Amino acid sequence: MLRFAPSPTGDMHIGNLRVALFNHIMSKKRNEPLLLRIEDTDKERNIEGKETEILELLALFGIEHEEYQLQSNNLKFHRAMALQLLHDKKAFSCFCTPDTLDAKRDAAKEAKTAYRYDGTCENLHAEEVIDNMAPFTIRIKKPSHSISVHDIIKGESSFAPDDIDSFIIMRTDKYPTYNFACAVDDMLSDVSLIIRGEDHFSNTPKQIAIHQALGYDKKIEYAHLPIILNNEGKKMSKRDDASSVKWLLEEGYIPEAIMNYLILIGNKTPNEIFTLQNAISWFDLGTISKSPAHFDIDKLKFINREHLRMMDPKELSRYVGFADEEIGRLAKLFLDEAGTLKELRAKISAIFSPKTVPDEYKEGFDILRDLTLKAPHYDDYESYKAYLIQHSGFKGKNLFKPLRILIGGCEHGPEMGDLYEHLKNYLKEVVK
Ligand code: GLU
């Protein structure tokens, strides 16, 4: 079982989508199911509606899941496992107040040493625990030995018991911490490979420590994906519009291109342009670079353009607001200038909208417009042009400048003959 475990706490970040995508690919490659687990345990940070948004986005990108869980429904298991650890004396109740802990943390800072839990509550007598009515957390005892993590991308690392520390697994409100909920759920779902963002790497030894304390010895594989940097070399954050999957879609980057790009960056791939289906055949977690990936919107636009070129004209036509493959073909003519659906829509809409004509061409424009409205249907551009020349007497730039605006919606663009080819059945509508 593989799993994708997003938190419904904000817009989906491209880093999350990349994690989802790699999980999808690996689940297909290994022929193992993918679990979608919505990590909604942190009630204060949950945002209403984000869960539905995650489901819709994954569906849009064709990332399927065979199993689905809301982490909050697993609370009974988290509590049962915490009880078991208490019972086995692998965890203990901790009555240290936040103020006390803060003071000790400050003192450690002052002394320039790393803060570690000092074991105050580790050996309380049962009576001291039972008689104490104060709120308490549950801490797991730090392991007695180092924990090694083998990561497919980052290689081997080892963590000393003090680095893992006796950390909190249940808060005073009886809800599990992220590490505990995550470790228990991964164990109960029999997860075999965990692919997630590098920001979770330091959690991994803690989660392994939880598994070991629970007597779970299945060897889980890990792959932590390096972060994605913006063009200033900083981690892509909410402040970068392009970090939001929703924003990219609204800007007219298509799912096929976004996926292609997220597989390409920080990776060695046999070619630059590919479909998800291609990628599933050659994808290898081992070729992902250890260094951060760099996000470059111009490169994404280049890839988007290539996918738009490959798109079925009928589908492209729907994306620009029509249901005729001829309009899809027309849109493709603009792909030298436009690189996104938004830019293409603007080009197509300019053709079908009232035109703004510079004064010098206004008269000519009106004459050509009237002639076109009265014209019979011509199957080819040359005949249409001959008709216009014959009736207007225009030639050279006096003909072409206003004609381009009339038919093409702008002063520069694709060849007139090509435009006409795809627009001839819409001519009266275009010039009306
Ligand atoms: N819920 C975590 C997040 O959205 C992911 C946890 C995990 O993959 O282990 O960052």
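Just so it is clear, the model here is predicted, and its values are computed rather than measured. Numbering of ligands and ligand atoms starts at 1, following listing order.
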Chemist: If I take atom NZ from residue K154 and atom CZ from residue F201, how far apart are they, to the nearest 0.5 angstrom?
Modeler: 5.0 Å

Chemist: Judged by modelled atom types alone, do Q212 and H145 share a side-chain donor-acceptor pair under 3.5 Å?
Modeler: yes

Chemist: Compute the ring centroids of Y222 and H200, then answer whether they are less than 6.0 Å apart.
Modeler: no

Chemist: Taking the inter-plane angle between the rings of F322 and F352 on a 0 to 90° scale, is it parallel (under 30°), tilted (30 to 60°) or perpendicular (over 60°)?
Modeler: tilted

Chemist: Between the side chains of R305 and E337, is the shortest nitrogen-to-carboxylate-oxygen separation below 4.0 Å, so that they form an ion pair?
Modeler: no

Chemist: Would you give the length of the straight line joining atom CG of L86 to atom CD1 of I140, rounded to the nearest 0.5 angstrom?
Modeler: 10.0 Å

Chemist: For ligand 1, what are the residues with a heavy-atom contact below 4.0 Å?
Modeler: R3, A5, P6, S7, E39, Y178, C182, R196, H200

